[in-house]
*Asks:* 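Before anything else, here's the structure in question.
Read the numbers this way: they start at 1 and go in the same order the structure lists the ligands and their atoms.
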Amino acid sequence: MKTVLGCIADDFTGATDLAGLLARSGVRVSLRIGVPSEPPADPAAFEVIALKSRTAQVADAVAETRAALKWLKAAGAQRFFWKYCSTFDSTPHGNIGPVAEALMQDLNTDQTIYCPAFPENGRSIFMGNLFVGQQPLAESPMKDHPLTPMRDSNLMRLLEPQVTRQVGLADRLTVARGPKVLRSELDQLKADGVAHVIVDAVANGDLKIIAEACRDMPLMTGGSAVAMPLPALYLADGTLSADAPKASAPTLDKETIILSGSCSAMTNKQVADYTSRGAPAFQLDPLALAENGAQKVLDWLAKQNLAAAPLIYATANPESVRAAQEKLGIAGAGEIVEATLSACAVAARDKGARRIIVAGGETSGAVTKELGVTQLDIGTEIAPGVPWTYCHSGGHQIALTLKSGNFGTETFFSDAQEKLA
Ligand code: ADP
């Protein structure tokens, strides 16, 4: 089997989100954490490589992405998808634009599209402006993100300082006229020298049109949702045969640990909901961790009954996050929390946890790394874009779910457990 679509995601939850949506088609989806050191053997129709490059130095993000591209080409892929956050998480330096330009160069292509829209999760784009629910991006809670605060809602303005070539827009009025019109608009833009095209989308129907118009582009970029229609399109035209097996769900012990390092508005609600049910919970304070280390929480964890699915969280409101960052620096506060939650993940696994729920994109990257997980099979979906996955860690089979900050509803932590019940 040759890989039909080679996908690269800039963080781990983004990769599981994308893999989950592709897996809705029933086609086998394999998710690899980092670029595999071995060349591809028995690649899946859809291969997703998860990087941890969203907030890396630009040069590192570009180098890592190029290595991922090389591996996916070796797996047989001729079409590629660059996945970033549906809230376009980036800074004026990158990494969305520089990585896209590097991929375009390696694929020898003059144009790509940018469509972070995810209507099921309330992300829509109109006239190049990104909305989170009913709010423009820059008025949404994303304006306070610890690592990539988003202070503009206009995707063209956000992308321009990140790239060297021209940025343009295919707006909703064009998209609404169908794949053929969109295709010729993209061709016209290309003739005008526009290499980077933001594409409006406010509903799943728009994404279908965009996917249909762009399915044979060497490179598409966006959130996960615009990739969702691709499996059906490739199945319909025979690019992909439907005989690949689905991931099967193993039976696992009930012992569970929940680790939350996301400070998004939704994760704050999820933590509040879960603790209000009387679940055992430990709140991490980055300042206390910097002073006294992680022993206190590890001692607490050692005493817990994992069948009660305890929660350990650093999740806090924007004021507390700012206070910690002022003392420790943005990266310093992030690293100390990520290291602590990762140590808790390993301790919980060694104590018998076979179901691990993680909230936060960067947090998930750190936790999976510490657990030594390198490949995941995609399983049942908990919330749009958040599947359970099955993998191996420390010689045990475990179920792992990695939720990016704003995903899921308030009851996510209990929903996830019920899905496996
Ligand atoms: P999200 O998916 O919501 O963006 P991430 O895990 O990607 O979540 O990013 C949140 C970042 O904030 C992580 O680096 C995390 O370690 C850091 N962090 C978590 N809690 C705190 C806190 N209380 N103070 C400062 N930084 C924090």
*Asks:* Could you check which of Ala314, Gly14, Gly261 puts a non-hydrogen atom nearest to atom 18 (N) of ligand 1?
*Replies:*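 Selected option, by shortest heavy-atom distance: Gly261.
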*Asks:* What atoms of ligand 1 come within less than 4.0 Å of a heavy atom belonging to Thr363?
*Replies:*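 Answer for ligand 1: 6 (O).
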*Asks:* Does a side-chain N-to-carboxylate-O contact under 4.0 Å join Asp253 and Arg354?
*Replies:*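 No, Asp253 and Arg354 are not salt-bridged.
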*Asks:* At under 4.0 Å between heavy atoms, is it the side chain or the backbone of His145 that contacts ligand 1, or both, or neither?
*Replies:*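 The answer is the side chain.
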*Asks:* Suppose we measure from atom 8 (O) of ligand 1 to each protein heavy atom; which comes out shortest, and what is that distance?
*Replies:*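 Of the protein heavy atoms, Gly360 CA, 3.4 Å lies nearest.
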*Asks:* Please write down residue, atom name and distance for the protein heavy atom closest to atom 22 (C) of ligand 1.
*Replies:*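 The closest heavy atom on the protein side is Pro286 CG, 3.6 Å.
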*Asks:* Using a 4.0 Å cutoff against the non-hydrogen atoms of Val321, which atoms of ligand 1 qualify?
*Replies:*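 Heavy-atom distances to Val321 below 4.0 Å select 24 (N), 25 (C).
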*Asks:* With no hydrogens and no angle check, just 3.5 Å: does a side-chain donor-acceptor pair link Ser414 and Thr411?
*Replies:*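 Their side chains do not contain a donor-acceptor pair, so the 3.5 Å distance test is not met.
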*Asks:* Is it the case that Ser90 and Tyr84 place a side-chain donor and acceptor less than 3.5 Å from each other?
*Replies:*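 Result is no, nothing qualifies.
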*Asks:* Decide, yes or no, whether a salt bridge links Arg322 with Asp144 under the criterion of side-chain N to carboxylate O below 4.0 Å.
*Replies:*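 Here Arg322 pairs with Asp144 in a salt bridge, since their nearest N and O are under 4.0 Å apart.
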*Asks:* Which ligand 1 atoms does Ala333 reach within 4.0 Å, using its non-hydrogen atoms?
*Replies:*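 Within the 4.0 Å cut-off of Ala333, ligand 1 contributes 25 (C), 26 (N).
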*Asks:* Quick one: nearest non-hydrogen protein atom to atom 14 (O) of ligand 1, plus distance?
*Replies:*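 So the nearest neighbour among protein heavy atoms is Glu338 OE2, 2.6 Å.
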*Asks:* Could you tell me whether the side chains of Thr112 and Thr221 share a donor-acceptor contact shorter than 3.5 Å?
*Replies:*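 No - no donor-acceptor pair under 3.5 Å links their side chains.
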*Asks:* With heavy-atom distances below 4.0 Å as the criterion, list the atoms of ligand 1 near Glu362.
*Replies:*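 Per the distance check, 5 (P), 6 (O), 7 (O).
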*Asks:* If you look at every heavy atom in Gln304 and Pro310, which pair is closest and at what distance?
*Replies:*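 Closest approach of Gln304 to Pro310: CB-CG, 4.0 Å.
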*Asks:* Should we count CD of Glu381 as having more than 12 external heavy atoms under 6.0 Å?
*Replies:*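 Yes, because the 6.0 Å sphere around CD of Glu381 holds more than 12 heavy atoms from other groups.
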*Asks:* Please find the pair of heavy atoms, one from Pro387 and one from Gly379, that lie closest to each other, and give the distance.
*Replies:*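 Heavy atoms only, the tightest pair is CB-O, 3.9 Å.
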*Asks:* Which of the atoms in ligand 1, numbered in the order shown and given with their element, are less than 4.0 Å from a heavy-atom of Gly405?
*Replies:*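 Answer, ordered by atom number: 1 (P), 2 (O), 3 (O).
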*Asks:* Using a 4.0 Å cutoff against the non-hydrogen atoms of Gly361, which atoms of ligand 1 qualify?
*Replies:*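 Once the distances to Gly361 are compared, the set is 1 (P), 2 (O), 5 (P), 6 (O), 7 (O), 8 (O).
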*Asks:* Closest non-hydrogen protein atom to atom 16 (O) of ligand 1, residue and atom name please, with distance?
*Replies:*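 The answer is Gly334 O, 2.9 Å.
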*Asks:* Got a salt bridge between Lys403 and Asp17, using NZ or NE/NH1/NH2 to carboxylate O under 4.0 Å?
*Replies:*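 Looking at Lys403 and Asp17, the cut-off is not met.
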*Asks:* Does a donor on one side chain and an acceptor on the other come within less than 3.5 Å for Ser276 and Asp273?
*Replies:*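 Side-chain D/A pair, Ser276 to Asp273: absent.
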*Asks:* Please identify which atoms of ligand 1 are closer than 4.0 Å to at least one heavy atom of Val337.
*Replies:*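 Heavy-atom distances to Val337 below 4.0 Å select 16 (O), 19 (C).
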*Asks:* What protein heavy atom sits nearest atom 3 (O) of ligand 1, and how far away is it?
*Replies:*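 That would be Ser262 OG, 2.7 Å.
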*Asks:* With atom 27 (C) of ligand 1 as the reference point, say which of Cys263, Ala316, Ala366 has the nearest heavy atom.
*Replies:*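 That would be Cys263.
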*Asks:* Is there a nitrogen or oxygen of Ser404 sitting under 3.5 Å from a nitrogen or oxygen of ligand 1?
*Replies:*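 Not met; the criterion fails.
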*Asks:* Taking only heavy atoms of Pro146 into account, list the atoms of ligand 1 that are under 4.0 Å away from them.
*Replies:*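 Listed by number with element, the hits are 12 (O).
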*Asks:* Between Ala324 and ligand 1, which part of the residue brings a heavy atom under 4.0 Å of the ligand: side chain, backbone, both or neither?
*Replies:*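 Side chain only; the backbone of Ala324 stays clear of ligand 1.
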*Asks:* Return the minimal non-hydrogen interatomic distance between Gly97 and Leu159, and the atom names on each side.
*Replies:*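 The answer is CA-CD1, 3.8 Å.
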